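As the structure is a prediction and not an experimental result, all values here were calculated from the model.
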Amino acid sequence: MLVLLDTHDASKPENPYPPHCIVGSGEENLVPALQWLEHDKNAFLMHKDCINGFIGGLQADGSNLIVDWVQKNKVQVMVVVGICTDVCVLDFVVTVLSARNHGILSPLEEVVVYSKACATYDLPVEVAKGIDGALAHPQDAAHYLGLYMAKSRGAVVADSITFPEANSHL
C-alpha cells in the first residue's frame with residue numbers, strides 16, 4: 001500500500017493554492033484514524049512536496065519512488081483514494097496513466113479511482129470574494145469534475161471495490 005502525505009516546505013509555494021501541510025504544522029501527518037499505517041509493514045509512506053504525487057516521487061538521481069514501488073511490488077491494478085479529487089487525486093491519476101501508457105510503470109494495467117474514498121474542499125463564492133486571488137470552489141461540482149476527468153483520461157471510476165480472497169485459489 002502506497003500512502004502519499006502532503007508535506008510542504010514553506011519556502012516552496014504552490015500557486016494558486018495557499019500554504020498547506022507545511023512541515024512541522026501537524027497538517028502533514030496522517031489523521032488519527034489512519035495513523036496505524038505508520039507501523040504497517042505493507043504500507044509505504046511517501047512524503048510529497050507538491051500537489052502531484054508522481055512528480056513528488058522524483059529523486060535527485062532521476063529515479064522515481066512511485067515507479068520503483070509499482071515495479072518492486074508488481075502492481076497491476078492501482079486503487080487511488082484521497083482528498084482534493086479535482087487537484088491532487090486528478091493530477092496523480094493523469095500522470096500515472098500517462099506514465100503507464102508510455103511503458104514507464106510496467107506491469108501496471110489499470111488505475112481505479114474509488115469515488116467514495118475521495119473528497120475535495122468547499123470554498124463558497126462569498127468567502128472567495130474576501131480572499132485576494134481566490135476562486136470559488138464548489139465542493140460537489142469539483143468532486144464530480146475530478147472524477148469525470150479521471151475517467152475521461154482512462155481511469156476506472158468505481159463506487160465499490162471488491163478484493164479477491166487471499167487464499168481463494170486453495
Side-chain angles (χ1 to χ4, degrees), residues 1-8 12-22 27-28 30-31 33-34 37 43-59 64-71 73 75-129 131-163:
M1 174 182 337
L2 172 67
V3 179
L4 302 178
L5 296 164
D6 237 4
T7 310
H8 300 284
K12 292 182 182 177
E14 286 192 291
N15 297 326
Y17 305 103
H20 62 282
C21 301
I22 303 298
E27 290 179 353
E28 78 280 19
L30 287 168
V31 296
L34 295 177
L37 289 168
F44 171 53
L45 277 65
M46 186 189 102
H47 296 272
K48 66 181 187 85
D49 65 353
C50 65
I51 291 166
N52 188 323
F54 192 89
I55 300 302
L58 289 172
Q59 301 298 289
N64 185 291
L65 296 174
I66 305 297
V67 172
D68 295 347
W69 178 80
V70 166
Q71 292 174 347
N73 293 286
V75 175
Q76 293 177 307
V77 177
M78 180 183 292
V79 177
V80 180
V81 303
I83 55 172
C84 293
T85 314
D86 58 312
V87 182
C88 297
V89 172
L90 180 61
D91 283 7
F92 180 74
V93 166
V94 168
T95 307
V96 166
L97 288 167
S98 291
R100 179 207 61 190
N101 293 346
H102 283 83
I104 297 168
L105 281 175
S106 181
L108 186 67
E109 296 172 10
E110 193 165 60
V111 177
V112 178
V113 179
Y114 178 38
S115 63
K116 291 183 179 177
C118 292
T120 196
Y121 65 96
D122 190 45
L123 185 59
V125 172
E126 303 77 36
V127 176
K129 284 180 181 177
I131 302 171
D132 189 35
L135 294 173
H137 192 268
Q139 186 175 35
D140 291 341
H143 174 71
Y144 174 79
L145 285 171
L147 295 173
Y148 175 84
M149 293 305 298
K151 184 176 179 80
S152 75
R153 297 294 292 275
V156 173
V157 174
D159 62 4
S160 67
I161 302 282
T162 304
F163 293 98

Do you know the tightest heavy-atom contact between [X] and [Y]?
| X | Y | value |
| --- | --- | --- |
| V113 | C118 | CG1-SG, 3.8 Å |
| I66 | L105 | O-CD2, 4.3 Å |
| V94 | R153 | CG1-NH2, 3.2 Å |
| L90 | A150 | CD1-N, 3.6 Å |
| N64 | L58 | ND2-CD2, 3.5 Å |

What distance do N73 atom CG and D68 atom CG have between them, rounded to the nearest 0.5 Å?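 One finds 10.5 Å between CG of N73 and CG of D68.
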
With side chains defined as the heavy atoms from C-beta onward, is the minimum distance between [X] and [Y] less than 4.5 Å?
| X | Y | answer |
| --- | --- | --- |
| H47 | E28 | no |
| L135 | P16 | no |
| M46 | V3 | no |
| I131 | L123 | yes |
| E27 | H8 | no |

Pair T85, H143 - check side chain to side chain donor-acceptor pair (under 3.5 Å), show working. CA-CA 5 Å; T85 314; H143 174 71; 2.8 Å; yes

Taking atom [atom1] as the centre, does [X] end up with more than 12 heavy-atom neighbours from other residues, nucleotides or ligands that are less than 6.0 angstrom away?
| X | atom1 | value |
| --- | --- | --- |
| D132 | CG | no |
| L30 | CG | yes |
| Y148 | OH | no |
| Y144 | OH | no |

Return the set of residues passing salt bridge (charged side-chain N to carboxylate O under 4.0 Å, His left out) with D86 (not counting sequence neighbours), or none when no residue passes. none

